[in-house]
Amino acid sequence: MPTSLLVVHVHVRVLPEHVDAFLQATLANARESVKEPGIARFDVCQDTEDPTRFVLVEAYRTADAPAAHKETAHYLTWRDTVASMMAEPRAARRYANRFPDDAGW
């Protein structure tokens, strides 16, 4: 199968008293992240039934792009800002894009 975009789902559960601050910090990170050449998409999703749960959907153009993202100032600021807001450690799963084809991103 040909190489495809790497899609990462990051699952986050935030302490209830930090939901608004987490969302603001995460939106700031996402706005900068989509400017990176290695990122095709960076979505921030909040659970409709449990607002303390979020999923970040990150689509990377290359296998090296996630590591490059983790070296950016905006990611490092986000990571340090939200660390104490987490109810549990965040968890990530990696997926290969299958549809739409990579040109659709």
Side-chain angles (χ1 to χ4, degrees):
M1 207 164 262
T3 303
S4 61
L5 289 173
L6 171 65
V7 180
V8 180
H9 288 191
V10 180
H11 295 265
V12 182
R13 190 164 68 93
V14 179
L15 294 166
E17 63 271 23
H18 294 299
V19 167
D20 291 337
F22 175 84
L23 180 56
Q24 293 312 308
T26 302
L27 292 174
N29 178 54
R31 287 185 190 105
E32 293 303 313
S33 295
V34 295
K35 298 176 184 176
E36 294 175 47
I39 294 183
R41 191 170 176 129
F42 197 105
D43 299 348
V44 178
C45 304
Q46 186 175 22
D47 191 304
T48 59
E49 294 180 15
D50 180 354
T52 68
R53 293 185 180 274
F54 292 84
V55 178
L56 310 181
V57 181
E58 307 167 10
Y60 294 97
R61 297 183 189 284
T62 67
D64 298 332
H69 170 63
K70 289 183 178 177
E71 294 176 3
T72 63
H74 55 269
Y75 170 80
L76 295 171
T77 297
W78 175 82
R79 180 197 67 191
D80 294 345
T81 300
V82 303
S84 64
M85 299 178 188
M86 305 277 181
E88 59 194 32
R90 62 189 185 275
R93 302 266 325 181
R94 293 171 170 240
Y95 301 90
N97 179 56
R98 297 296 178 239
F99 185 87
D101 66 23
D102 291 356
W105 292 77

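Only this structure's heavy atoms are used, side chains among them; waters, hydrogens and symmetry mates stay out. Being a predicted model, the structure only gives us computed values, none of them experimental.
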Cluster overlap Val8 with Leu5, hydrophobic side-chain contacts below 4.5 Å: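 Cluster IDs for Val8 and Leu5 differ.
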
Shared hydrophobic cluster for Leu76 and Val44 (ILVMFWY, side-chain gaps under 4.5 Å):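 They do share one cluster, since a chain of ILVMFWY contacts under 4.5 Å joins Leu76 to Val44.
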
Set of residues satisfying ring pair (Phe, Tyr, Trp, His ring centres under 6.0 Å) with respect to His18, sequence neighbours excluded: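 Testing His18 for ring pair (Phe, Tyr, Trp, His ring centres under 6.0 Å), a comparison that skips the adjacent residues, returns none.
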
side-chain contact (heavy atoms from CB on, under 4.5 Å) against [X], all qualifying residues, sequence neighbours excluded:
X     : answer
Ala65 : Tyr60, Thr62
Gln24 : Leu27
Ala68 : none
His9  : Val7, His11, Val55, Val57, Tyr95

Check: Ser4 side chain, Ala96 main-chain N or O, donor-acceptor pair, under 3.5 Å: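 Side chain of Ser4 to backbone of Ala96: no pair is present.
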
[X]: what forms a side-chain hydrogen bond (donor to acceptor under 3.5 Å, both in side chains) with it, not counting sequence neighbours?
X     : answer
Arg94 : none
Tyr75 : Arg90
Glu36 : His69, His74
Arg79 : none

Minimum heavy-atom distance Ala30-Phe42, with the two atoms named: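 Heavy-atom minimum between the residues: CB-CD2, 3.4 Å.
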
Minimal non-hydrogen separation, Pro16 against Thr52, with atom names: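 Distance-wise, the nearest heavy atoms are CA-CG2, 3.9 Å.
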
Pairs satisfying salt bridge (Lys or Arg N to Asp or Glu O under 4.0 Å), at least one member in residues 26-35, at least two apart: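 Of all non-adjacent pairs touching residues 26-35, those that pass salt bridge (Lys or Arg N to Asp or Glu O under 4.0 Å) are Glu32-Lys35.
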
Sequence neighbours excluded, every pair satisfying salt bridge (Lys or Arg N to Asp or Glu O under 4.0 Å) that has a member inside residues 52-66: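 For residues 52-66, and leaving out neighbouring residues, the salt bridge (Lys or Arg N to Asp or Glu O under 4.0 Å) pairs sorted by first residue read Asp50-Arg53.
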
Leu15 side chain near Phe22 side chain, heavy-atom distance below 4.5 Å: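 Heavy-atom side-chain distance check fails, nothing below 4.5 Å.
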
In a table with atom names and distances, give each donor-acceptor pair under 3.5 Å that connects a side chain of residues 80-89 to protein atoms at least two apart or in another chain.
from  : atom 1 : to    : atom 2 : distance (Å)
Thr81 : OG1    : Thr77 : O      : 2.7
Glu88 : OE1    : Arg13 : NE     : 3.1
Glu88 : OE1    : Arg13 : NH2    : 3.2

